[in-house]
Each structure stands twice: as C-alpha cells, then as structure tokens.
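Below: one structure, written as structure tokens.
Note that these values count all heavy atoms, side chains included, but never hydrogens, waters or copies made by symmetry.
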Amino acid sequence: MCGATLRVSGTLEGVNSTGIGRRTGTEIGIAGRPAGLELPASALAGVGTRPFGVYVHVPFCATRCGYCDFNTYTAGELGSAASPQSWLEGLRRELDAGARLLSESGRRTPAAETVFVGGGTPSLLGADGLAQVLDAIRDSFGLAPGAEVTTESNPESTSTEFFSSIREAGYTRVSLGMQSAAPHVLAVLDRTHTPGRPVAAAKEARAAGFGHVNLDLIYGTPGERDTDLDASLDAVLEAGVDHVSAYALIVEDGTALARRVRRGELPAPDDDVLASRYERIDARLADAGMTWYEVSNWAKSDDPSARCAHNLGYWDGGDWWGAGPGAHSHVGGVRWWNVKHPARYASTLADGVLPVGGSEHLTAEDRHTELVMLTVRLRTGLPLSELEDGEREAAETVVADGLAVVRDDHLVLTDRGRLLADAVVRTILLGADD
C-alpha cells in the first residue's frame, strides 16, 4: 500500500466480476438520521475545511498470510454467513448514512479528496466490483475534482484487462503487494504469488494509463539475505513505479508466524539486521531518484503527485470516513471503528444502524501526542511551534544526539534518526516529564 501498514493479498475462489450485483430498483440506504453514532457540534464544525478522504475495507482474502493480523476472512472462514454481495449492500448503506450525518444542519457534504480501497484483497471483487465501490462513493460523498483514487491489488488477481477497466472506472492509483522477489522469502510469509508477477502487473498498470503505481516490500523476514533484498530492489526499479513502501516485518501476536517463532521454527527479526536493510533500501532508492517523504515511504523526487495524498491526510490530521467491517474513521477529534465481522456489519446496517463497534473522543493531550508521533516521521518534520517548553528542551537533546536537525522551524529526522524514530518520539513526549 501507500501507507503505514502491511497489506495482504490473494485470490478468493468463486468471486469474480459477477460476484457483486448492481444496484437495481429499490434504493439501498438508511432512512432518516442514521443511528449508532453521535458527533458533537465541535467535531462537525470544521468538516470541509480539513482534508477529507474515504477508506473502504474489503475483508476478503483467498488465503491467510502467516504474518497478517488484519481483519480479513477466507471463503472457508465466512461460509454462507457473508458474501461480497451483502458486503456491498452494507457498504452502500454506510456511505449514504455517513454522507447524511456529515451534512446535518445544512452543512455541505464533504467531497472525497482521496479514496483508498484496501483490505484484504480488493482485486478479488474484479473490475466491475471495484467500479461499483467507486460509484457508491460518488453517489454519497461525491468526488472532489482531481481526487486521488487508489486500490490495493494482489498481482495474481489482476490482468491487463483488469487495469484498463478500473482506470476507465476512475481509479488513478494502484498499490501492489510484492513483499519480496525471493521465492523462499515469499514461502516464509505464506505469499502465493510468483516472484515475477508483481513486476509484470506494475508494467500492465502503467500501460493501462496509471501514472501512479506503488509496490510494497517487507524486509527482515527470517531467511532473507542481502542478496535477496537486492534482487527485490532490482525488480522494483525494473517495474518503473513512482512509489515504494517498505516495512520491517513485525511478528504480530496471534498469527501463524508468531506461533512458528514461539516454537523455535523461525528466528525473530533482528533489530540490527532490520536497520541495515532499511539503510540498503534507502540508498538504492535514492540512487534511483526516489526520496523518502515518510519513514517507510519513498516517491519520485521530481513529482510531488507521486506521494500518497490519502495517507498524508492521515498523517497531517485530516478527516476520513472508514467504511467496511473493522474500518476506523476520524472526524474532528472523534475516532470510531466498525464491528469486525462482515455478517454483523451487513445485518446492523440492514437494521438501519451504523455498525459502530466503539469510539473515543480525543483529548487535547491525545491529539498533541498523535501529532508528534505522526509528523516527526514526515520529511517535512514536526513544527517546533507545536511543542511545549519541556518538549522543546527534549528536541534540543535529539538534535544534539544527531537524530534530527532543525529546518525551517521544523524538527526533521536525520538518516540515523529515521532508524530510531520511535525513540525520538519517546524522548520528546516523555523526556519533557523527566
């Protein structure tokens, strides 16, 4: 993805472009004021003045990758409890209700400046299904002129025809899960695509008219060698993409990978190795004309539009509506998340209630903490004007330690600082209390 988390792909058997029906006859929606969520006037007051995006979570996968702890389900896990059809009907209801909620009291419905369809494996919906997802967003929130519209895709469930069709439907950006070009690394990750397919898919997307294509890499997988990473970077550069996301492997509790590590079948990722691999990635991409703009993301240096605007909206404190099972949303300091299971998600919406599983109102301290955590990872840096006196002193310590520099009144990480970004955040937020 173009973003902050690892992504999972696959191919769900039995689901294709005919697996989702089009809207016919009866309009799907929630009549009247949507129940299930209350937003205070203070949160709604700034809607439309902050960046606004729509995230859509597609929970379907063909197989479960061993490292993944995302809210995804295989066909066998779902059985007859939920389907792409019931999910899409629920999605339409949620988007319609969300647009009405944010336009209460005469407010203008905010048009989506960015859209990101993630998962899960959105490409399992087929081009027709993805077109219907975008139609549902157009019919509810609407799209702002020049909106960035991204979908994640599994290389194995795409084709030249697929890319041409979703480009025609209005998608402007594609993010492909590659992870590695080494077969034995893919095997450890339980990835099912062939090593050469991501490069071929990226070239097909570019040929179909996509000017913005991302490839995801995972580094630090047990058994990965420097030569394996070099081969992966060779493949990325051969693909000619304008964006790369690279994430250190994290062993998440409850995953198959965690169980293998706990049994001693695989070693845990080594921090020193991870740091070395990151430096290797950064140097290689920089030589190829790509610049980091967030610690885990690189884009073509001469094209600001190559950066993922949707994720920048997250990192810069924008608003977004997250639709789909388990999706998270944020509007004006209020965050909420949907119920996780697709069947409960669809049935709750069918009953006329937004499927909110929980919510929180961020305090001023919460919002400050998140601002520090997110903006310090950006190449533009953390505004010093946002820091309190004690935090400014802590920032001076970070600079003295060579982990950051001050540039245009912003604290910007050095190369070494990027390797220790979490420690920098702790120093600023906690050092002020020491």
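- Of the N and O atoms on the side chains of D366 and T363, at least one donor lies less than 3.5 Å from an acceptor on the other residue.
- Using modelled atom types, one side-chain atom of R197 and one backbone atom of P155 make a donor-acceptor pair closer than 3.5 Å.
- The backbone N or O of S164 lies less than 3.5 Å from no partner atom in the side chain of E168, so there is not a single donor-acceptor pair.
- Partners of R335 by side-chain hydrogen bond (donor to acceptor under 3.5 Å, both in side chains), not counting sequence neighbours, listed by chain and number: E360, E370.
- Here the straight-line distance linking atom CE of M290 with atom CD1 of I281 works out to 12.0 Å at 0.5 Å rounding.
- Listed for the N214 side chain is a donor-acceptor partner under 3.5 Å among the backbone atoms of S245.
- Contact annotation: the side chain of F52 approaches that of V54 to within less than 4.5 Å [non-hydrogen atoms, C-beta and beyond].
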V236 and W298: side chain to side chain contact (heavy atoms under 4.5 Å, CB included), yes or no, with the steps? CA-CA 12 Å; V236 165; W298 291 257; over 6 Å; no
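- Contacts classified as side-chain hydrogen bond (donor to acceptor under 3.5 Å, both in side chains) and involving residues 252-261 (residues at least two apart or in different chains) are given here: R260-E265.
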From CA spacing to verdict: salt bridge (Lys or Arg N to Asp or Glu O under 4.0 Å), D230, R225: CA-CA 9 Å; D230 290 342; R225 302 161 299 199; over 6 Å; no
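- Note that CG of D316 and CG of L371 are 9.0 Å apart. Values are rounded to the nearest 0.5 Å.
- Side-chain N/O atoms of Y67 and D69 include no donor and acceptor closer than 3.5 Å.
- No donor-acceptor contact under 3.5 angstrom links the side chains of H328 and Y314, judged on distance only.
- For the pair H243/Y293, a side-chain contact is recorded, criterion being any heavy-atom separation below 4.5 Å from C-beta on.
- One N or O on the side chain of E152 and one on the backbone of G119 form a donor-acceptor pair closer than 3.5 Å.
- With a 4.5 Å cut-off on side-chain heavy atoms, V273 and E224 do not count as touching.
- The nearest pair of heavy atoms linking R307 to E148 is O-OE1, 3.6 Å.
- With S301 contributing its side chain and G289 its backbone, the two residues share a donor-acceptor pair below 3.5 Å.
- Separating the CZ atom in R191 from the CG atom in L186 is a distance of 7.5 Å, to the nearest 0.5 Å.
- Taking 4.5 Å as the limit, some side-chain heavy atom of L387 sits within range of a side-chain heavy atom of V372.
- Of all non-hydrogen atoms in W336 and S359, the two that sit nearest each other are CB-CB, 3.7 Å.
- Rounded to the nearest 0.5 Å, atoms OG1 (T172) and CG (L143) are 9.5 Å apart.
- For the pair E94/Y345, a side-chain contact is recorded, criterion being any heavy-atom separation below 4.5 Å from C-beta on.
- Checked by atom type, the side-chain pair T194/E156 shows a donor-acceptor distance below 3.5 Å.
- For the pair L125 and W87, the minimum side-chain heavy-atom distance is below 4.5 Å.
- The side-chain hydrogen bond (donor to acceptor under 3.5 Å, both in side chains) test applied to E238 returns K203, not counting sequence neighbours.
- Residues passing the side chain to side chain contact (heavy atoms under 4.5 Å, CB included) test with E279 are L419, sequence neighbours excluded.
- Annotation: side-chain hydrogen bond (donor to acceptor under 3.5 Å, both in side chains) contacts of H361 (sequence neighbours excluded): none.
- Remark: T151 engages V117, P122, L130, S153, I166, Y171 in a side chain to side chain contact (heavy atoms under 4.5 Å, CB included) (not counting sequence neighbours).
- For the pair D270 (side chain) and D272 (backbone), a donor-acceptor distance under 3.5 Å is present.
- In this view, H184 satisfies the ring-ring contact (aromatic ring centres under 6.0 Å, His included) rule with no residue, not counting sequence neighbours.
- Remark: side-chain polar atoms of N338 are paired, donor with acceptor, to backbone N or O of G324 under 3.5 angstrom.
- Residues L249 and P222 have side chains in contact (heavy-atom distance under 4.5 Å, counting atoms from C-beta outward).
- The minimum heavy-atom distance linking L102 with V47 is given by the pair O-CG1, 4.3 Å.
- In this structure, CD on Q132 lies 11.0 Å from CG on L134, to the nearest 0.5 angstrom.
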As a quick check of understanding, evaluate side chain to side chain contact (heavy atoms under 4.5 Å, CB included) for V174 and F162, giving each step before the final call. CA-CA 11 Å; V174 172; F162 169 85; over 6 Å; no
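- Of the possible polar contacts, one joining the R64 side chain to the T72 backbone as a donor-acceptor pair under 3.5 Å is found.
- Every pair passing side-chain hydrogen bond (donor to acceptor under 3.5 Å, both in side chains) that includes a residue from residues 404-418 is listed here, sequence neighbours excluded: Y278-R418, D282-R418, D415-R418.
- Of the possible polar contacts, one joining the R392 side chain to the L384 backbone as a donor-acceptor pair under 3.5 Å is found.
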Stepwise, does the side chain to side chain contact (heavy atoms under 4.5 Å, CB included) test hold for V185 with Q179? CA-CA 9 Å; V185 173; Q179 280 66 60; over 6 Å; no
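- The backbone N or O of K340 lies less than 3.5 Å from a partner atom in the side chain of N71, making a donor-acceptor pair.
- When all heavy atoms of P198 and L176 are compared, the closest pair comes out as O-CD1, 4.1 Å.
- The aromatic rings of Y55 and F116 sit parallel, their planes meeting at an angle under 30°, below the 60° perpendicular limit.
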Set out, in order, the CA-CA distance, both residues' side-chain angles and the distance that settles side chain to side chain contact (heavy atoms under 4.5 Å, CB included) for Y219 and L274, then state yes or no. CA-CA 7 Å; Y219 61 91; L274 293 175; 4.0 Å; yes
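- Under the rule for a salt bridge (Lys or Arg N to Asp or Glu O under 4.0 Å), R167 has no partner lying at least two apart in sequence or in another chain.
- With a 4.5 Å cut-off on side-chain heavy atoms, I428 and L411 count as touching.
- Scored by the salt bridge (Lys or Arg N to Asp or Glu O under 4.0 Å) test, D401 finds no partners at all (sequence neighbours excluded).
- No donor-acceptor contact under 3.5 angstrom links the side chains of S140 and D96, judged on distance only.
- Note that the CZ atom of F141 and the CG atom of L95 stand 6.0 Å from one another [nearest 0.5 Å].
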Solution key, residues 376-383 side-chain donor-acceptor pairs under 3.5 Å, sequence neighbours excluded:
{"unit_1": "R377", "atom_1": "NE", "unit_2": "E294", "atom_2": "OE2", "d": "2.7"}
{"unit_1": "R377", "atom_1": "NH2", "unit_2": "E294", "atom_2": "OE2", "d": "3.1"}
{"unit_1": "R377", "atom_1": "NH2", "unit_2": "S296", "atom_2": "OG", "d": "3.4"}
{"unit_1": "R379", "atom_1": "NH1", "unit_2": "W292", "atom_2": "O", "d": "3.4"}

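- Contacts of F210 classified as ring-ring contact (aromatic ring centres under 6.0 Å, His included), with partners at least two apart in sequence or in another chain: none.
- In plain terms, the two heavy atoms of A323 and L91 that are nearest each other are CB-CD1, 3.5 Å.
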